[in-house]
Amino acid sequence: MYKLKGLLFFITVLFVSCNSNSVYNEFNSDFDSNRWNSNEEVTFEFNTENDIKVSSIKLHIGHIYDFQFSNVPMEVTIISPNGSSETINLDVIIKDETGKDLADCIGDICDLYVPIKNKTTLIKGNYKFVVENKFSSPFLPNILGIGILKYFAKS
């Protein structure tokens, strides 16, 4: 029994030490009836204690399987600690040319990860990410949630 626990501990330490990135993940699933209204912004705020190198920042879109649209226009505005802002327009591709869902799906729940920025440095301070649905209808149906993932490069 003790050998098994020791082996499991060793394997856990091995996997953790081999991970070259640490991950920060925030996800907002507060959508009534799985509808994301076109006038509704989703905001994420976080603080960095030091300047950090980020290998990747991704938009996480949770949706119902067999989404009825192949792409969705979105906009992400990043407001930096110094007050400057950067707006990134995304044409989020949900399905490929054959109609196959590009997300990772388990049952009816799908998670799609779309790059926002790669290889950047976040300076010390408070950040705000504002995500907007630029879909032409009053709401985007079958949305389970929106999130931000940041992969921090190991120092």
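Sequential numbering from 1 along the given sequence is applied to the chain's residues.
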[atom1]-[atom2] distance between [X] and [Y], expressed to the nearest 0.5 angstrom:
X      : Y      : atom1 : atom2 : result
Lys58  : Tyr151 : NZ    : OH    : 5.0 Å
Ile146 : Ile61  : CD1   : CD1   : 5.0 Å
Thr43  : Ile148 : OG1   : CD1   : 10.0 Å
Asn50  : Leu122 : CG    : CG    : 12.0 Å
Glu132 : Ser38  : CD    : OG    : 10.0 Å
Thr48  : Lys150 : OG1   : NZ    : 10.0 Å

Query - Note, Asn89 side chain near Lys134 side chain (heavy atom, < 4.5 Å) - result: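 A side-chain contact is absent here, since even the closest heavy-atom pair is not under 4.5 Å.
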
Query raised in the report: Checking side-chain contact (heavy atoms from CB on, under 4.5 Å) for the pair Val76/Ile78: CA distance, chi angles, key distance, verdict?
Result: CA-CA 6 Å; Val76 178; Ile78 303 169; 4.3 Å; yes

Under the salt bridge (charged side-chain N to carboxylate O under 4.0 Å, His left out) test, which residues partner [X], sequence neighbours left out?
X      : result
Asp66  : Lys95
Lys124 : none
Lys117 : Glu86

Query raised in the report: Which residues satisfy the ring pair (Phe, Tyr, Trp, His ring centres under 6.0 Å) test with Phe27, sequence neighbours excluded?
Result: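 For Phe27, the residues satisfying ring pair (Phe, Tyr, Trp, His ring centres under 6.0 Å) (neighbours in sequence not counted) are His60.
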
Query raised in the report: Can you list the steps and then say if Phe135 with Trp36 is a side-chain contact (heavy atoms from CB on, under 4.5 Å)?
Result: CA-CA 10 Å; Phe135 195 62; Trp36 184 11; over 6 Å; no

Query raised in the report: Please walk me through it: do Glu49 and Asn47 pass side-chain contact (heavy atoms from CB on, under 4.5 Å)?
Result: CA-CA 6 Å; Glu49 306 261 334; Asn47 182 47; 3.8 Å; yes

**Report entry** ILVMFWY cluster membership beyond Ile64 - transitive side-chain contacts under 4.5 angstrom
**Finding:**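 Besides Ile64, the cluster holds Ile109, Leu144.
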
Query - Linked, directly or transitively: Leu149 and Val130 (ILVMFWY side chains, under 4.5 Å) - result: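 No: no chain of side-chain contacts under 4.5 Å links Leu149 to Val130.
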
Query raised in the report: Can Phe129 be reached from Leu90 by stepping across I, L, V, M, F, W or Y side chains whose heavy atoms are under 4.5 Å apart?
Result: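 Yes, it is one cluster - the side chains of Leu90 and Phe129 are joined through contacts under 4.5 Å.
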
Requested in this report: Might you point out which heavy atoms bring Ser85 and Ile79 nearest each other, and give the distance in Å?
Outcome: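 It is CB-CG1, 4.0 Å.
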
Query raised in the report: Aromatic ring centroids of Tyr127 and Phe44 under 6.0 Å?
Result: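 No, ring centres 6.0 Å or more apart.
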
Requested in this report: May I ask you to check whether over 12 heavy atoms, not counting those of Asp30, lie within 6.0 Å of atom CG?
Outcome: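 Result for CG/Asp30: open.
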
Requested in this report: Assess whether atom OH of Tyr65 is packed by more than 12 heavy atoms of other residues, nucleotides or ligands within 6.0 Å.
Outcome: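 No, because the 6.0 Å sphere around OH of Tyr65 holds 12 heavy atoms or fewer from other groups.
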
Report task. Decide side-chain contact (heavy atoms from CB on, under 4.5 Å) for Glu40 and Phe139; before the verdict, give the C-alpha distance in whole Å, the side-chain angles of both, and the deciding distance to 0.1 Å. Result -> CA-CA 9 Å; Glu40 182 181 357; Phe139 63 87; over 6 Å; no

Query raised in the report: Under the criterion side-chain contact (heavy atoms from CB on, under 4.5 Å), which of Ile143, Leu140, Ile93 is the partner of Val72?
Result: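 Of the listed residues Ile143, Leu140, Ile93, the side-chain contact (heavy atoms from CB on, under 4.5 Å) partner of Val72 is Leu140.
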
Query - Matching residue for Ile88 among Thr77, Ile116, Ile57 - test: side-chain contact (heavy atoms from CB on, under 4.5 Å) - result: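 So, applying the side-chain contact (heavy atoms from CB on, under 4.5 Å) to Ile88 and each of Thr77, Ile116, Ile57, only Ile116 qualifies.
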
Query raised in the report: Got a sec, which pairs hit disulfide (SG to SG under 2.5 Å) with one end in residues 37-128, sequence neighbours left out?
Result: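 Counting only pairs at least two positions apart or across chains, the disulfide (SG to SG under 2.5 Å) contacts touching residues 37-128 are Cys105-Cys110.
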
